[in-house]
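Beneath this line is the structure, given in structure tokens, with notes to follow.
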Amino acid sequence: MTDSVASLLTGRIIKGVGGNYTVATEDGFFVCQARGLFRKEGISPIVGDFVEVSDVDFAKATGYLHKILPRKNQLIRPKAANVDQVILVCAIVPPISLEVVDGFLINCENQSVDVILCINKTDLDKNGGYQMVACTYEMAGYEVLTVSAHAAVGLDDLRHVMKSKTSILAGPSGVGKSSILNALYPQYDLAVGGLSEKIQRGKHTTRHTVLLEVENGTFVVDSPGFTSFSIEHIPKDELQFCYPEFRPYLDDCYYVDCIHVTEHDCAVKAQIGLTIDAKRYERYTKYIAGGKQ
Ligand code: GDP
Ligand code: ZN
């Protein structure tokens, strides 16, 4: 290589540890530090950011983060930018908790990120009881995929919805997130049943959120901390907006500030058992009863 210092490169941050950001570019990986610039603007680089890298040293594979390109969105937990969709995984075993599923969906809606429900381990349910769960959420407006990582069922559909996008697999531990990723992208060899330390993590024992480019242009956010959600931070009067099946009726209630629980002439309640699933509505009222004022 003649000139080891070149000008700007564009790429994507796939990992950030202790102020060192690994940026994937067409010319390979570069470990970069941020210049003071961002701090002044109050922006810190995060995994998933598209960036410009300056002062590139090809020999050392280093550079500086020069600019963060505008973000499509930014998830709070896990901290990641430009995520196209959450694949919410649940499974036949351990049994699906619809409260937990609702909680995840509410959080995705609240963070304005698309979500697809993926029911795994269908091989363990010969009677097809999971179809009821699928129906409930399809009725609420969600795309639902039923898969078995072990029996390799439904994986092509999943691969298809993930293609050319940045996805994050969320869901309680043990539902098969790593197994699904392994079945989809065997070349990554992610550890099943616990820590997946093999990929792009170096020797650090602390687990960090990393971005894997599993196919050209197809990214997966791999995060240790995305197994549970708390919805306490969502005010009661905002929870209704996190239910896609409520939305067509929200303007038709008698009271403008209706939260669809005890009020009369409520257009949402009028749909219970029709377009709105009665049990899901019941769980909504429980959230309201227990949630933040
Ligand atoms: P994670 O914690 O969500 O990443 O879950 P893992 O991928 O570690 O899987 C948890 C357990 O479920 C492991 O013992 C897997 O072998 C098992 N498992 C994963 N997918 C399937 C499946 O499709 N069918 C069955 N029967 N077991 C599965
Ligand atoms: Zn109402």
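Start at 1 and go down the list; that is how both ligands and their atoms are numbered. Quick caveat: nothing in here was measured; it's all calculated off a predicted structure. Keep in mind that the numbers below use all heavy atoms, side chains included, and drop hydrogens, waters and symmetry copies.
Among the atoms of Ala151, none of the N or O lies under 3.5 angstrom from an N or O of ligand 1. The shortest N or O to N or O distance between Leu124 and ligand 1 is not under 3.5 Å. For Ser173, no nitrogen or oxygen atom sits less than 3.5 Å from a nitrogen or oxygen atom of ligand 1, counting backbone and side chain alike.
Around atom OH of Tyr64, no more than 12 heavy atoms belonging to other residues, nucleotides or ligands sit under 6.0 Å away.
Counting only distance, with no hydrogens or angles, the side chain of Lys236 and the backbone of Ile288 share a donor-acceptor pair below 3.5 Å. The backbone N or O of Ile46 lies less than 3.5 Å from a partner atom in the side chain of Asp49, making a donor-acceptor pair.
Side-chain polar atoms of Thr218 and Tyr185 form no donor-acceptor pair below 3.5 angstrom. Counting only N and O atoms by type, the side chains of Tyr137 and Asp102 include a donor and acceptor under 3.5 Å apart.
Annotation for Tyr284 and Ile259: closest pair OH-O, 2.7 Å, computed over non-hydrogen atoms.
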Subject >> Worked verdict on Asp55 versus Arg35 for salt bridge (charged side-chain N to carboxylate O under 4.0 Å, His left out) >> reply: CA-CA 11 Å; Asp55 300 84; Arg35 288 239 153 110; 3.3 Å; yes

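Every atom of ligand 1 is numbered from 1 in the order shown, and the set under 4.0 Å from a heavy atom of Val175 is 3 (O), 5 (O). Every atom of ligand 1 with a heavy atom of Asp123 under 4.0 Å away is listed here by number and element: 22 (C), 23 (O), 24 (N), 25 (C), 26 (N).
Atom-to-atom distance recorded for Ile180:CD1 and Leu155:CG is 7.5 Å, nearest 0.5 angstrom.
Closer than 2.8 Å to the Zn ion (ligand 2) sit the protein N, O or S atoms Cys253 SG, Cys258 SG, His260 ND1, Cys266 SG.
Proximity of Asn182 to ligand 1, defined as any heavy-atom pair under 4.0 Å, is not found for any part of the residue.
The existence of a salt bridge linking Glu213 and Arg12 is excluded, since no basic side-chain nitrogen approaches an acidic carboxylate oxygen closer than 4.0 Å.
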